[in-house]
Asker: 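Can you keep this structure in mind? I'll have questions shortly.
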Amino acid sequence: KGIMYIDGQRVPFDGEKNVLAVIRKAGIDMPTFCYYSELSTFGACRMCVVEDEKGKIDTSCSMEPRDGMKIRTNTARLLKHRRMILELMLASHDRDCTTCEKSGKCRLQDLALQFGVRHVRFPDTRPAYEKDRSSPAIVRDPNKCILCGDCVRVCDEMQGMAILNFAHRGSDLVVSPAFDRKLADTSCISCGQCAAACPTGAITIRDEIGKAWRELYDPKKRVVFQIAPAVRVAVGEEFGLEPGVNALDKLVSALKMMGAAEVYDTNFGADLTVMEEAAEFLERLKKGGPFPMFTSCCPAWIKYLEKENPKYLKHVSTCKSPMEMFAAVLKDQYKAKDAEDGRTTYHIAIMPCTAKKMEAAREEFQHDGRPDVDLVLTTQEIITMIKESGIRFTELEGESPDLPFGMGTGAATIFGTTGGVAEAVARRVVEDKSRNTLQAIQFSGLRGSEAIREVSLPVGDRILRIAVVHGLVHVKKLLAEIEAGTAYYDLVEVMTCKTGCVGGAGQPYGLLPAKHQRAEGLYEADRTALIKRSERNPIVGELLAGPLKGRTHELLHVHY
Ligand code: HC0
Ligand code: SF4
């Protein structure tokens, strides 16, 4: 706690972890590549340098604020220093900027513009690297890497995976998986958080926009969409809407303008999941296990278990994810329609997640040689397509998703944030169906941002122990406790990404406050939903009692 003087301005500080944070609080945009407030401080890019009274230059991210400290953030020397760094970075950087995936969103491009770098005086001495396109979710292009290490720290500190690291030395220094392996040959779980953190085009989401347009323009195809819960509260951000604003209806209109035949809601699939998962859980209570039952909807979590911890696979719910349940039902129901009019239904899922691309490609979800979900587009990809179409998103008149599969409940909407799946299942299994119970569940502790949350809920004559965990590094901690016998749970909701799907790597770039606003947007959608419990979704009820009767195992469940 104390007072600092930044460019002559008196700035009080209280608990900020470094001078950089105080500078930003003072309303100054301090440039950085390698500082990521949610991770450890690295101090490698040296863009955030400041000058003290004695003319000493140092990085503000690694400086602790001290009372009476006087610093300058914008001197002639600092400007020269920053320009030099940028020039050196650009010298060893593939400068195909106009055609780069990240063009317009690249921090190197932005800062080069901001600091007036107009030419590069140094020759490029770096070796040329091959792109790694082996992952179903992300593409790695080391030629565009500026060695800030953000991806390395995200993968290690947030996800506990440590797939990426610095390798070789000197001018050969590069970020890559161990032994220069391709991503597909590592334990990478396709979570994409490295791509979300990358300031340049060195790691990007696998772009499948071209495929989507081809299908939309094909008269023999009927393109049918589903939209995931978390997408609606983030898609507006790149059009100037605040994070958390529910733009589902505008997105439906935009997709119709782009050629969609039908636009449905993944929430419908989530309601189906709640029904199946709750039934499975009650069955396990009767049979006595295996406990804990882990939720199964996060594909990166499943991939982690398969690659590194297979002994827990038998604990995972046999429910397919809502996306895959939806797709299985859709393809089944549309068979007759396809036969009738000779068109083929092509199913696109819009997801906040890069791992969903990997999930859609899994062989468990292929039937008659075709995937149930033909294509997964991330929120970012659909934003790009809307921009390509020239649609003025914010001016659109919204329209509701189509029926029947456009109907979802409040319980389904909250799937998109950490704690939501557990809360939705709790609403189903707790016998008391009064309004008070809904509130008791809401305030039980399932909601929130702590990495691991534990809740006890009474069901019949039993007290259920439920845990919610997000961020794979914390999942690993929880598993270690379960293994050591120091923690016991009946049900555990797992989401690989911090804050759950609202913080998925396919979403527009955003830091924690934006992710929390998105979660609030989903809770708001639940508050205003007319139906709050999955068992009251009339379409789900009809399907389970009718066409799906006796076929739920075939269509809605999977064994990994
Ligand atoms: Fe999610 Fe899902 S909630 S994983 O986070 O369960 O991606 O939004 O679509 O499938 O519904 C992502 C989000 C989904 C699925 C749902 C679940
Ligand atoms: Fe690590 Fe996830 Fe990136 Fe794979 S996708 S390298 S697991 S951060």
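Atoms within a ligand are numbered from 1 in the order they appear, just like the ligands themselves.
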Asker: Within the 4.0 Å heavy-atom shell around Ala270, which atoms of ligand 1 are there?
Answerer: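 Those qualifying, in numeric order: 11 (O).
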Asker: For the 3.5 Å polar cut-off, considering only N or O atoms, please tell me whether Thr266 and ligand 1 meet it.
Answerer: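 It does not: no N or O of Thr266 is found under 3.5 Å from an N or O of ligand 1.
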Asker: Under the side chain to side chain donor-acceptor pair (under 3.5 Å) test against Glu364, which residue among Arg362, Gln366, His367 passes?
Answerer: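 Checked Arg362, Gln366, His367 against Glu364; only one passes side chain to side chain donor-acceptor pair (under 3.5 Å): Arg362.
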Asker: Counting each atom of ligand 2 from 1 as listed, which ones have a heavy atom of Ile138 under 4.0 Å away?
Answerer: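 Answer for ligand 2: 5 (S).
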Asker: For atom 3 (Fe) of ligand 2, what is the nearest protein heavy atom, given as residue, atom name and distance?
Answerer: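 Of every protein heavy atom, Cys194 SG, 2.3 Å lies nearest to atom 3 (Fe) of ligand 2.
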Asker: Heavy-atom contacts under 4.0 Å between Lys356 and ligand 1: side chain, backbone, both, or neither?
Answerer: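 The answer is the side chain of Lys356.
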Asker: Look at atom 3 (S) of ligand 1 and say which protein heavy atom is nearest, naming residue and atom and giving the distance to 0.1 Å.
Answerer: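 Looking at atom 3 (S) of ligand 1, the protein heavy atom closest to it is Phe415 O, 3.3 Å.
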Asker: For atom 5 (S) of ligand 2, what is the nearest protein heavy atom, given as residue, atom name and distance?
Answerer: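 Atom 5 (S) of ligand 2 sits closest to the protein heavy atom Gly192 N, 3.1 Å.
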Asker: Considering only protein heavy atoms, which is closest to atom 9 (O) of ligand 1, and at what distance to one decimal place?
Answerer: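 Checking every protein heavy atom, the shortest distance to atom 9 (O) of ligand 1 gives Ala228 CB, 3.1 Å.
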Asker: Answer yes or no: does an N/O atom from Met323 fall short of 3.5 Å to an N/O atom of ligand 1?
Answerer: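 Yes, there is a polar N/O contact under 3.5 Å.
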Asker: Out of Arg518, Gln507, Gln517, which residue meets the side chain to side chain donor-acceptor pair (under 3.5 Å) rule with Glu237?
Answerer: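 It is Arg518; the other options fail the test.
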Asker: Say whether Thr418 and Arg453, considering side chains only, have a donor N or O and an acceptor N or O under 3.5 Å apart.
Answerer: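 Yes, side-chain donor-acceptor contact under 3.5 Å.
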Asker: Determine, considering heavy atoms only, which of Cys497, Gly160, Ala300, Cys191 sits nearest to atom 2 (Fe) of ligand 2.
Answerer: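 Selected option, by shortest heavy-atom distance: Cys191.
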Asker: Going by the order shown, which atoms of ligand 1 are within less than 4.0 Å of some heavy atom of Cys353?
Answerer: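 Those of ligand 1 that fall under 4.0 Å from Cys353 are 7 (O).
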Asker: Under a plain distance cut-off of 3.5 Å, with no hydrogens placed, do Asn537 and Thr409 share a side-chain donor-acceptor pair?
Answerer: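 Note: Thr409 and Asn537 side chains miss the donor-acceptor criterion.
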Asker: Please state which protein non-hydrogen atom is closest to atom 4 (Fe) of ligand 2 and give its distance, to 0.1 Å?
Answerer: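 Going atom by atom, the protein heavy atom closest to atom 4 (Fe) of ligand 2 ends up being Cys188 SG, 2.4 Å.
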Asker: Please verify the inter-ring angle class for Tyr264 with Phe326; under 30° counts as parallel, over 60° as perpendicular, anything in between as tilted.
Answerer: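 Rings of Tyr264 and Phe326: tilted, as their planes differ by 30° to 60°.
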Asker: Which residue holds the protein heavy atom closest to atom 4 (S) of ligand 1, what is that atom called, and what is the gap in Å?
Answerer: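 Nearest neighbour among protein heavy atoms for atom 4 (S) of ligand 1, to 0.1 Å: Cys501 SG, 3.4 Å.
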Asker: Suppose I only count heavy atoms of Met351 and a 4.0 Å limit; which atoms of ligand 1 are within that range?
Answerer: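 This gives 7 (O), 9 (O) as the contact atoms.
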Asker: So between Pro229, Ala349, Pro322, whose heavy atom ends up nearest atom 14 (C) of ligand 1?
Answerer: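 Of the listed residues, Pro229 has the closest heavy atom.
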Asker: Verify whether one side chain among Thr496 and Gln159 offers a donor that lies under 3.5 Å from an acceptor in the other.
Answerer: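 Looking only at side-chain atoms, Gln159 and Thr496 do not form any donor-acceptor pair under 3.5 Å.
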Asker: If we only count N/O pairs under 3.5 Å, is Ala230 in contact with ligand 1?
Answerer: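 There is such a contact, yes.
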Asker: How about Asp374 and Val223: do any of their side-chain heavy atoms sit closer than 4.5 Å?
Answerer: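 A side-chain contact is absent here, since even the closest heavy-atom pair is not under 4.5 Å.
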Asker: Enumerate the atoms of ligand 1 whose separation from the nearest heavy atom of Cys297 is less than 4.0 angstrom.
Answerer: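 So the atoms of ligand 1 that pass are 4 (S), 6 (O), 17 (C).
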Asker: Search all heavy atoms of Gly269 against all heavy atoms of Pro322 and return the closest pair with its distance.
Answerer: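 Smallest heavy-atom distance, with atoms named: C-CB, 3.6 Å.
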Asker: Would you say atom 1 (Fe) of ligand 2 has Cys155 as a near neighbour, meaning an N/O/S atom of that residue under 2.8 Å away?
Answerer: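 Here the distance criterion (N, O or S atom, under 2.8 Å) is met by Cys155, so yes.
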Asker: For Gln226 and Met323, work out which heavy atoms get closest and say how close.
Answerer: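 Nearest pair, atom of Gln226 first, then Met323: NE2-O, 3.1 Å.
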Asker: Do Glu359 and Ser321 meet the criterion of a side-chain donor-acceptor pair at a distance under 3.5 Å?
Answerer: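 Note: Glu359 and Ser321 side chains meet the donor-acceptor criterion.
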Asker: Quick one: do Val373 and Glu324 satisfy side-chain contact (heavy atoms from CB on, under 4.5 Å)? Show the steps, please.
Answerer: CA-CA 7 Å; Val373 176; Glu324 290 296 345; 3.9 Å; yes
Asker: With a cutoff of 4.0 Å, is Gly504 in contact with ligand 1, counting heavy atoms of the residue only?
Answerer: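 No heavy atom of Gly504 comes that close to ligand 1.
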